[in-house]
Number of protein chains: 2
Amino acid sequence: MAKEKPDLVYGTLDMLILKALQYDPRHGLAIADRIQQMSNDILHVEQGSLYPALYRLEAQGWIKAEWGVSDNNRKARYYKLTAAGRKQLSAEEEHWLRITKGIDLVLAGG
Amino acid sequence: MAKEKPDLVYGTLDMLILKALQYDPRHGLAIADRIQQMSNDILHVEQGSLYPALYRLEAQGWIKAEWGVSDNNRKARYYKLTAAGRKQLSAEEEHWLRITKGIDLVLAGG
DNA sequence: ATCCTTTACCAAGACTGTCTAGGCATCCAA
DNA sequence: TTGGATGCCTAGACAGTCTTGGTAAAGGAT
């Protein structure tokens with residue numbers, strides 16, 4: 001059997017996470033759930049991709065973490081966007097639009 | 001300085017190459033040129049990405065290679081789509097549309 | 001009380017695809 | 001005869017995702 005393509009487009013997870021945090025802070029699994037739900041179940045975020053991405057983003061200063069308690073009364077690490085994160089999000093959206101436009105032009109057949 | 005994003009969306013090169021070969025056989029550099037041109041200079045394909053991709057595609061049986069002579073009278077390896085390659089192209093386009101729709105839904109803000 | 005399931009976080013290593021940075025051969029013009 | 005342009009090619013670094021494993025705590029069921 002052929003190997004399946006990943007559930008994500010490589011390199012877009014950071015943008016998706018920032019977007020999921022745009023309006024409210026959330027904890028890790030809630031971010032993954034939110035992305036899946038916002039995408040109408042098209043996208044699926046594996047935990048093994050999620051947590052490394054969260055560290056990346058935090059290390060870049062785009063999100064900030066804080067321990068809290070989830071709706072289910074469990075210890076959870078809440079992330080929220082920083083000002084730099086908002087800037088980054090808008091830069092990534094712009095980049096995404098630009099590149100996908102390029103790809104769409106190619107697919108449209110020149 | 002921040003690191004620049006790549007000129008391509010990781011994982012889309014195979015699709016772009018297949019698309020560039022959809023109507024005519026071409027040699028390697030001409031494929032890269034064609035993608036760049038079709039995308040209005042938005043996308044740029046490095047040789048170090050191009051050739052490995054061509055081997056991949058040939059190994060999968062999606063393209064077939066043959067030595068020839070370029071317009072500039074140079075030895076060049078011409079690639080053309082196979083029947084399986086056409087199928088693959090359409091599968092990849094479908095997958096691309098699906099995933100980008102998911103991403104666009106997320107970006108639209110849920 | 002004890003177990004089981006669910007929630008939540010985390011890590012190690014494999015894998016894949018792109019990029020950087022080289023190199024070789026040939027053609028043609030200066 | 002030298003140098004630029006064309007065309008193919010490779011090795012190794014690198015980044016991001018996936019697979020697979022784990023821990024801990026809450027809450028319900030037995």
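Throughout, a chain's letter reflects where its sequence line sits, starting with A, and its residues are numbered from 1.
- Of the two residues near DNA chain C, B:Gly48 and A:Trp67, the one whose nearest nucleotide lies more 5' is A:Trp67.
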Where protein sits on nucleotides 22-30 of chain C, one letter per nucleotide: B base, S sugar-phosphate only, - none, heavy atoms under 4.0 Å: ----BBS--
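- Distance CG (A:Leu8) to P (D:dT19): 11 Å, rounded to an integer number of Å.
- Rounded to whole Å, atom C1' of C:dT16 lies 16 Å from atom CD of A:Glu46.
- Smallest separation of non-hydrogen atoms from B:Leu105 and A:Met38: CB-O, 3.4 Å.
- Contact between B:Arg26 and B:Ala20 at its shortest, heavy atoms only, is NE-O, 3.1 Å.
- Put simply, B:Ser49 has no side-chain N or O that comes within less than 4.0 Å of OP1 or OP2 on C:dG17.
- For B:Ala76, counting side-chain heavy atoms from C-beta on, the closest listed nucleotide (C:dC9, D:dG7, D:dT17) is D:dG7.
- Regarding B:Leu54, its CG atom lies at a distance of 14 Å from the C1' atom of C:dT18, rounded to whole Å.
- In this structure, the nucleotide among C:dC10, D:dT17, D:dT10 sitting nearest to the side chain of B:Tyr51 is D:dT10.
- The minimum heavy-atom distance linking B:Val9 with A:Ile103 is given by the pair CG2-CD1, 3.8 Å.
- In this structure, CD in A:Glu93 is found 4.5 Å from NZ in A:Lys19, a value given to the nearest 0.5 Å.
- Atom pair A:Leu50:CG and D:dT20:P shows a separation of 18 Å (rounding to whole Å applied).
- Remark: the B:Tyr10 side chain and the D:dT17 base include no donor-acceptor N/O pair separated by less than 3.5 Å.
- The closest side-chain heavy-atom distance from A:Lys80 to A:Ile63 is not below 4.5 Å.
- Using a 4.0 Å heavy-atom cutoff across all strands shown, B:Tyr55 reaches sugar-phosphate atoms only and no base atom.
- When distances run from any side-chain atom of B:Ser70 to the nucleotides D:dT6, D:dC18, D:dT10, the shortest one goes to D:dT6.
- Considering every non-hydrogen atom in both A:Val106 and B:Ile35, the closest pair reads CG2-O, 3.8 Å.
- With rounding to the nearest 0.5 angstrom, the CG atom of B:Asp41 is 4.5 Å from the CD atom of B:Gln36.
- Using the six-membered ring where Trp is involved, B:Tyr78 and B:His27 have ring planes that are perpendicular, over 60° apart on the 30 and 60° scheme.
- Residue A:Asp71 contributes atom CG, which lies 14 Å from atom C1' of D:dA26 at whole-angstrom precision.
- When rounded to the nearest whole Å, the span between CG of A:Leu43 and P of D:dG16 equals 18 Å.
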Worked check of side-chain contact (heavy atoms from CB on, under 4.5 Å) between A:Asp14 and A:Gln88: CA-CA 10 Å; A:Asp14 292 9; A:Gln88 178 64 17; over 6 Å; no
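- In this structure, the side chain of A:Tyr79 does not engage the main chain of A:Leu18 through any donor-acceptor pair within 3.5 Å.
- Protein atom CE of A:Met15 is 11 Å distant from nucleotide atom P of D:dT17, rounded to whole Å.
- Here A:Arg56 reaches the OP1 or OP2 of D:dT17: one of its side-chain N or O atoms lies under 4.0 Å away.
- A heavy atom lying under 4.0 Å from DNA chain C marks the following residues of residues 20-33 of chain A, by number: A:His27, A:Gly28, A:Leu29.
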